[in-house]
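Chain identifiers are assigned alphabetically (A, B, ...) following the order of the sequence lines, protein sequences preceding nucleic acid strands; residue numbering begins at 1 within each chain.
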Amino acid sequence: MAKDGSVGYLTTRLNDFINWGRKNALWPLPFGTSCCGIEMMATLCSDYDMSRFGAEVVRFSPRQSDLLIVAGIINLKMAPVLKVVYDQMSDPKFVMSFGACASSGGIFNVYSVLQGIDTMIPVDVYVPGCPPAPEGVLHALLRLQDMVARGETHSQRKMAIVS
Amino acid sequence: MDIRQPVSTNYGNWIEKFGELWKRQAESLKEAFGAEIEQILMPPNYPTDVPIIYVNKSSLPKVMAYLKDQSGFEYAFLSDITATDEEVEPRFEVVYNLFSHRHLSRIRIKTRVKENEQVPTLVSVWKGANWAEREVYDMFGIRFEGHPDLRRILMDGRWVGYPLRKDYPLRGYQVFSEPEPIDPKLLE
């Protein structure tokens, strides 16, 4: 580090290299609750392959994954469970809100549906659609990779403040 | 004002297929139980797809056991238990939909319940009524006396209010940030 606090050339290159590694090896946690879960399965399968972009290894445990894909309606009974799962993930963690119901409650503006998961957890990328087309999901994944490369996700900004 | 429309049915016209059977069943039910059957609404006269039989609340287990086992009726399958909030006195109507595999006919039994009254449970007649009655309790607040385990089934255990009543707001959210504590007695 230089005298005025700015980081030198090598550490920024190292940072970029680490972010490159992170973005190309996102391990998703498919939190699929309803119909969007099937669309997520379709995106992970052979025709629209998500493993081309590195998100091949799905781990159903929050301790072992770093991308939380919330696909489907989150009821008010399920919302605290989602919060617990998100809290158990370790930094850096990214959240993709898949579909209309996870982003804003969708067509279900009723007493039992959480109106958007961003009331509970910070979301990095939203995918609109009911259910979203797989091309839209892959577009969102690529935009998330751009955000990770630039260090603009919620988790990376928190880490930058702390460190 | 009654705005009910005639109801369409699957697999053909039910009044042709089951009209005679339903009439005979209504006659023998009236003979067997008399005043405990309050009202019978039959399809061509009333706009419905199956006969609706209003039963007095306290004689419900007797009538249900009769409907389940008596030959000529044999409504052995309880399709669903639900309720409606009528907003007139008495407030709720608990609806039981029955189906008979032997005769392939359906029938609907209703009881009128006031707001804080209890309905006798049908768990002794059909085991499957357990969860269906829990759902009616969760959504409407109608308690069933004699039920072994009456607690909420669809909503969170800490929910306040009964969502499907007419005076519950459509968007009455109650957001919890902690998961519901698990009752250790239920973990067996």
More than 12 non-hydrogen atoms from neighbouring residues, nucleotides or ligands closer than 6.0 Å to [atom1] on [X], yes or no?
X: Glu135(A); atom1: CD; answer: yes
X: Gln39(B); atom1: CD; answer: yes
X: Leu170(B); atom1: CG; answer: yes

Atom [atom1] of [X] and atom [atom2] of [Y]: how far apart are they, to the nearest 0.5 Å?
X: Leu76(A); Y: Phe176(B); atom1: CG; atom2: CZ; result: 7.5 Å
X: Lys83(A); Y: Glu178(B); atom1: NZ; atom2: CD; result: 8.5 Å
X: Arg158(B); Y: Lys77(A); atom1: CZ; atom2: NZ; result: 10.5 Å
X: Tyr111(A); Y: Tyr168(B); atom1: OH; atom2: OH; result: 8.0 Å

Closest non-hydrogen atom pair, Val175(B) against Met120(A): CG1-CE, 3.9 Å

Which atoms of Leu114(A) are under 4.5 Å from chain B, going by heavy atoms: the side chain, the backbone, both sets, or neither? side chain

Under 4.5 Å from any heavy atom of chain B - which part of Val84(A): side chain

Taking every heavy-atom pair that is under 4.5 Å apart, which of Thr119(A), Asn109(A), Val113(A), Val110(A) has the most such pairs with chain B? Asn109(A)

Considering only heavy atoms from C-beta outward, does the side chain of Ser112(A) approach that of Met155(B) to under 4.5 Å? yes

ILVMFWY cluster membership beyond Trp27(A) - transitive side-chain contacts under 4.5 angstrom: Val57(A)

Is there a path of hydrophobic side-chain contacts, each under 4.5 Å between heavy atoms of I, L, V, M, F, W or Y residues, that connects [X] with [Y]?
X: Ile73(A); Y: Phe31(A); result: yes
X: Phe77(B); Y: Trp22(B); result: yes
X: Leu41(B); Y: Leu29(B); result: no

